[in-house]
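Some notes on the structure that comes next.
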Amino acid sequence: MARIRGILDDAGVNYQTAELGKVDVGGGGTIAYIMALYGMEVIDCGVAVLNMHAPWEITSKADIYETEKGYEVFLKNIF
């Protein structure tokens, strides 16, 4: 987590963190917990969405932009 935060900070990407679910058990609505069962270290990341899976979902254009920028610098710097 510290390495990812460093990559985002160095690139000037705005982000926020949160925890969901029990520690070392998984949480949220993705398949990350399944991968964690096989010993993979996982971090879910994505755009904040209000009313996800509802007829009207709302996201911020700024959040979408920062997420794209974050994915780009992550992929360029993680390996």
Side-chain angles (χ1 to χ4, degrees):
M1 185 69 188
R3 184 173 176 201
I4 293 171
R5 287 178 26 220
I7 290 170
L8 297 176
D9 288 341
D10 291 345
V13 176
N14 294 310
Y15 65 93
Q16 64 183 21
T17 62
E19 292 185 23
L20 191 60
K22 297 179 181 176
V23 174
D24 295 332
V25 176
T30 70
I31 62 167
Y33 76 95
I34 298 170
M35 295 178 188
L37 292 174
Y38 290 95
M40 185 181 292
E41 294 183 4
V42 296
I43 296 176
D44 281 337
C45 62
V47 178
V49 178
L50 181 63
N51 297 327
M52 186 176 283
H53 306 300
W56 296 97
E57 297 179 351
I58 301 171
T59 60
S60 165
K61 182 168 52 171
D63 286 345
I64 294 169
Y65 172 74
E66 293 294 328
T67 301
E68 186 275 332
K69 193 164 82 171
Y71 289 159
E72 185 176 329
V73 297
F74 171 79
L75 292 172
K76 285 182 179 178
N77 293 285
I78 198 65
F79 297 109

Side-chain donor/acceptor pairs under 3.5 Å, residues 4-16, sequence neighbours excluded:
residue	atom	partner	partner atom	Å
Asp9	OD1	Tyr15	OH	3.1

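Clustering ILVMFWY residues whenever any of their side-chain heavy atoms sit less than 4.5 angstrom apart, transitively, puts Trp56 in a cluster other than the one holding Met52. Ile64 and Tyr71 are members of different hydrophobic clusters when ILVMFWY side chains are connected at heavy-atom separations under 4.5 Å. Linking ILVMFWY residues whenever their side-chain heavy atoms come closer than 4.5 Å, directly or via other members, places Met1 and Phe79 in the same cluster. No continuous path of hydrophobic side-chain contacts links Ile58 to Val47 [ILVMFWY only; heavy atoms under 4.5 Å]. Transitive grouping of hydrophobic side chains (ILVMFWY, heavy atoms separated by less than 4.5 Å) brings Phe74 and Ile43 into a common cluster.
A search for side-chain hydrogen bond (donor to acceptor under 3.5 Å, both in side chains) contacts involving Glu68 returns nothing, not counting sequence neighbours.
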- Message: Asn77 vs Arg3, test: side chain to side chain contact (heavy atoms under 4.5 Å, CB included). Steps then yes/no.
- Response: CA-CA 10 Å; Asn77 293 285; Arg3 184 173 176 201; over 6 Å; no
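What you find for Thr59 and Ala48 is that their closest heavy atoms are CG2-O, 3.4 Å.
By the 4.0 Å N-to-carboxylate-O rule, Lys69 lies close enough to Glu66 to be salt-bridged with it.
Heavy atoms from other residues, nucleotides or ligands lying under 6.0 Å from OH of Tyr65 number 12 at most.
The structure places CG of Leu37 at 11.0 Å from CE of Met35, a figure rounded to the nearest 0.5 Å.
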